[in-house]
Structure formats: C-alpha cells, structure tokens
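Shown next, in structure tokens, is the structure this report addresses.
Just so it is clear, the model here is predicted, and its values are computed rather than measured.
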Amino acid sequence: MSSFRSGFSGVILRVALYSLFFFLLLTPQIPGESHTRTSISQKTALERKSLREKSIRKKSLQKKSSLKGKPSSKGKSSLKKRLLKPKSSRKASLRKEITKKKSAQKTSPRTITVVMENYPPNCYIENLPKVISENEFRNSFLKKMQNKSQRDLLSSAYRLDRQTGRYYLSGNADAADLEKLKEVLFSQGILKLTGFEIEISREIFSKLGLKPEYRVYPWARCIEMMKSGSSDCILTIFKNSERMKYLYYPSEFTVDQPNALFKLKESRIAFDGDLRKLKGQLIGVKISTSYGGNFDRANFLKKEQVSFTEAVISLVENKRVSLGVGSITQLKYLMNQRGIAGKFEFLNPLVSQEHLYIAFSRARKHKKLSEQFAANLARFKKTEKYKKILKKYGIANS
C-alpha cells in the first residue's frame, strides 16, 4: 500500500513538472523584456530620423552655397546662425533691411526738370567745334546721326580740306541750320551744356540732393511750360508782376544783369534816358523777354520782335531797325563770337539793371524749394568758387 502511494505521488510530480514546462514554453515573452526591446527600437528609430534630417539640411546648405559661389567658412557659419535664429529675430532683421532700403531711396537724388533757352553766356549748348579731324568726324559725329536729314545737315555745315585731312565749319552755313545741328549733337551727347547759370544751379541743386535735368527750348515755350506746370524750374529770368502769377522767385538772385540799347557806330541816334524821345525809332527786341518795367510798359515804342538775341544783332547790323536792346553781357559775348563787336556802340544810360533769377513753378507748389534754393545760394555767393565762375564768363561780381 505504501509503495502504491509513493508511485502515485511520483506520477503527480512528473505531471506537474511537465505542465510547468509546457506553460513556460507557450508563454510568448516576458513583459519586462518586451518593454526593454521596444524602448531600444524607438530610440534607434529617432536617431536614424535625426541623422536623415541633418543630412537633408547639409545638402540644402551645399546647394545654396553652390548657387551663390563658394562661400567662406565665415559665410557658412553666418548662414547656419540665420537658419537657427528664432522666428521673431528673423522678422526683426527683415524689418531692418526694409528700413535700410527705404532710407537709401530717400537719400538718392531726386530729378528736377529745368527748362532753358540756348542763351549764352548764361546757359547754353557749347559751341560747334570749328575744326574736326576726319577720323572723329566719320567715327563719332557722322555715326551718331540718326537719319539722312541729320547727316545732310552735318555735311552741309562742314567742309573737308583734303590737304589737312580735317573738316572745317563753313562760314557760309545758315545760322538756323547751325542751331538745329547744335541741338542734334547735344541730344547725342557730343555737345554739353555750359554757362554760368548752369554751373551755379548745379552747385545748389547738388546741395539740395537734387539731380537737374536740363531741357533746351525756345524762350516762349519755356514760359508756357512754367505756366502750365510742365517743368519744375526755369533759368534764367527777370522778375516782373506778370511772371509772379505763375512763378516763385527766390529771395536771392544769381547776378545783376544790365540791359542797354545799342546801335551801329555810324548812327547819330542819341539817348538821354527818356524813352519818349525814341518814339519814331524801330527797336529790335526778343519775343517774351523783359527789359525792365519802364521799357516793357512803353507801348508808344515801335518794337520789332524776333526769336533770338542773335537775330536782334542781325537786324541792327543790316539796318533793318535803328536800335536793338538786350543784356550787355550776352550781346558782347555774341558779337565777339562773330567778330563784329567793333561795329556797334552801347548807349548810356542803361535801360535797366535787373536781377537775374532761377525761378520755380507755382503750379507744382515749389514755394518751399524756392526758399531752400535761396538759402543755399546766399551761402554759395560768399565763396571763392562763385567768384571764379563769374570771372570765367567775364561777368562783373554783383
């Protein structure tokens, strides 16, 4: 009986051991071990993702640097810094860049349109060259003529001297054609603007941060453009009550300009300052030009109007009028250019001694600009540079 019991308990023990073995075998994983494996695999995945992102960023940086050219190590580091900057910091730097651009635009010179007449020595297109080398004539002057009429105009003004191989300005060339040619060569940049008013105005405009754009027209058209507001500024001009309706005159004038009557030396006409005594004489004047209040209002005088001061000189020279009137400075300049100054005589007293101004458009509301110009001109007139400009053009200091 006891042997039976011991055998039975041995069987039960073996069954229990086999059951435990199969239980352990069929259980898939130990919970702790599973958790450990999962955390390791997640960490590995995150590391791989981080490496991929670094690789992509590196490639994009290399692509940008190859587009801009090989950057320095300093450039690379600054680029990385910018990419790593927080959003708020990037916005602040962008605002700074916009502000810089705006301030640069403000400081860049603003263009101002200035109308003027070809009016030596005040402001004019420099004279046509009297002699041009054959090479320069063909490769510079002739090449820049845009059409056949312009080329014909140039060819009619100059004659080739085969002995010297140079082109000379013809003495028989028509004055009107020469003026047209001057304007064409000016438009092509061959001839430049000069004159004491040009030099003075450029100085003042540069101090005001303005870039003048000079446009040359007949005087009557210049006046109309200022009335309509088609231009900002006009030079040079006398002041009268009619013009003050459409112009702002600065409180500072550029120079004093004397106006006088002139005649041929052989003429016996006398003048003592009383314009009424010249009632029977025909006087050459330039259209739309002021010679002082007394002369302008003298409707009892016979006045022959022409477009240019040169034409006034020609009227007197050819005895088509008894007298001419104009600025002494300008008349002497033009007479000397033609070598005919010895033919004429200026009459005393003067018709007027007028201030000459650079004036501004009322239609464009340039009152403030006129005041700023006056303040800068007043300072400039005290400098040696101003005196040198007047001396250069043979003008007495005002």
**OP:** Would you please test Tyr119 and Glu197 for side-chain hydrogen bond (donor to acceptor under 3.5 Å, both in side chains) and show each step?
**Re:** CA-CA 10 Å; Tyr119 187 73; Glu197 292 283 2; over 6 Å; no
For atom [atom1] of [X], is the number of surrounding heavy atoms from other residues, nucleotides or ligands below 6.0 Å larger than 12?
X	atom1	result
Arg151	CZ	yes
Lys332	NZ	no
Lys207	NZ	no

Side-chain contact test, heavy atoms from C-beta onward, threshold under 4.5 Å: evaluate it for [X] versus [Y] and give yes or no.
X	Y	result
Arg166	Asp161	no
Pro121	Gln330	yes
Tyr167	Glu134	yes
Leu160	Arg162	yes
Phe346	Leu261	no
Thr254	Leu235	no
Leu334	Pro120	yes
Lys227	Ile223	yes

Subject >> Geometric class of the Phe141/Phe137 ring pair [parallel <30°, tilted 30-60°, perpendicular >60°] >> reply: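 Rings of Phe137 and Phe141: parallel, under 30°.
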Original post:
Going by the angle between their ring planes, with limits at 30° and 60°, are Phe253 and His355 parallel, tilted or perpendicular?
Top reply: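 Rings of Phe253 and His355: parallel, under 30°.
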Tell me the ring-ring contact (aromatic ring centres under 6.0 Å, His included) pairs involving [range], sequence neighbours left out?
range	value
residues 314-344	Tyr124-Tyr333, Phe262-Phe344
residues 264-315	Tyr291-Phe295
residues 212-236	none

**OP:** Could you verify whether a donor N or O on one side chain and an acceptor N or O on the other, from Ser327 and Gln257, lie under 3.5 Å apart?
**Re:**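 A donor-acceptor contact under 3.5 Å links the two side chains.
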Original post:
Do Ser149 and Asn147 have side-chain atoms, one donor and one acceptor, less than 3.5 Å apart?
Top reply: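 Judged by distance alone, the side chains do pair up.
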Original post:
Does the side-chain hydrogen bond (donor to acceptor under 3.5 Å, both in side chains) test come out yes or no for Thr113 and Asp232, once each step is laid out?
Top reply: CA-CA 5 Å; Thr113 57; Asp232 297 293; 2.9 Å; yes
Test item: [X] side-chain N/O and [Y] main-chain N/O as donor-acceptor pair under 3.5 Å:
X	Y	value
Lys319	Val316	no
Tyr249	Met244	no
Asn118	Ile125	yes
Gln150	Gln146	yes
Lys265	Gly342	yes
Thr383	Lys381	no
Asp174	Ala176	yes
Arg159	Ser155	yes

Any carboxylate oxygen within less than 4.0 angstrom of a Lys/Arg side-chain nitrogen, looking at [X] and [Y]?
X	Y	result
Glu199	Lys388	no
Glu183	Lys180	no
Glu304	Arg320	no
Glu371	Lys368	no

Subject >> Derivation and outcome, side-chain hydrogen bond (donor to acceptor under 3.5 Å, both in side chains), residues Tyr357 and Ser370 >> reply: CA-CA 11 Å; Tyr357 291 88; Ser370 173; over 6 Å; no
**OP:** Before giving the answer on side-chain hydrogen bond (donor to acceptor under 3.5 Å, both in side chains), spell out for Arg379 and Tyr386 the whole-Å C-alpha distance, their side-chain angles and the decisive distance to 0.1 Å.
**Re:** CA-CA 10 Å; Arg379 286 193 290 271; Tyr386 173 78; over 6 Å; no
**OP:** Kindly indicate whether a cation-pi arrangement holds for Arg362 with Tyr248, taking the cut-offs as under 6.0 Å to the six-membered ring centre and within 45° of the axis.
**Re:**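 Yes, a cation-pi geometry holds between Arg362 and Tyr248.
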**OP:** Check Ile269 against Lys263 and note the closest heavy-atom contact, atom names and distance.
**Re:**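 Here Ile269 and Lys263 meet closest at O-NZ, 3.0 Å.
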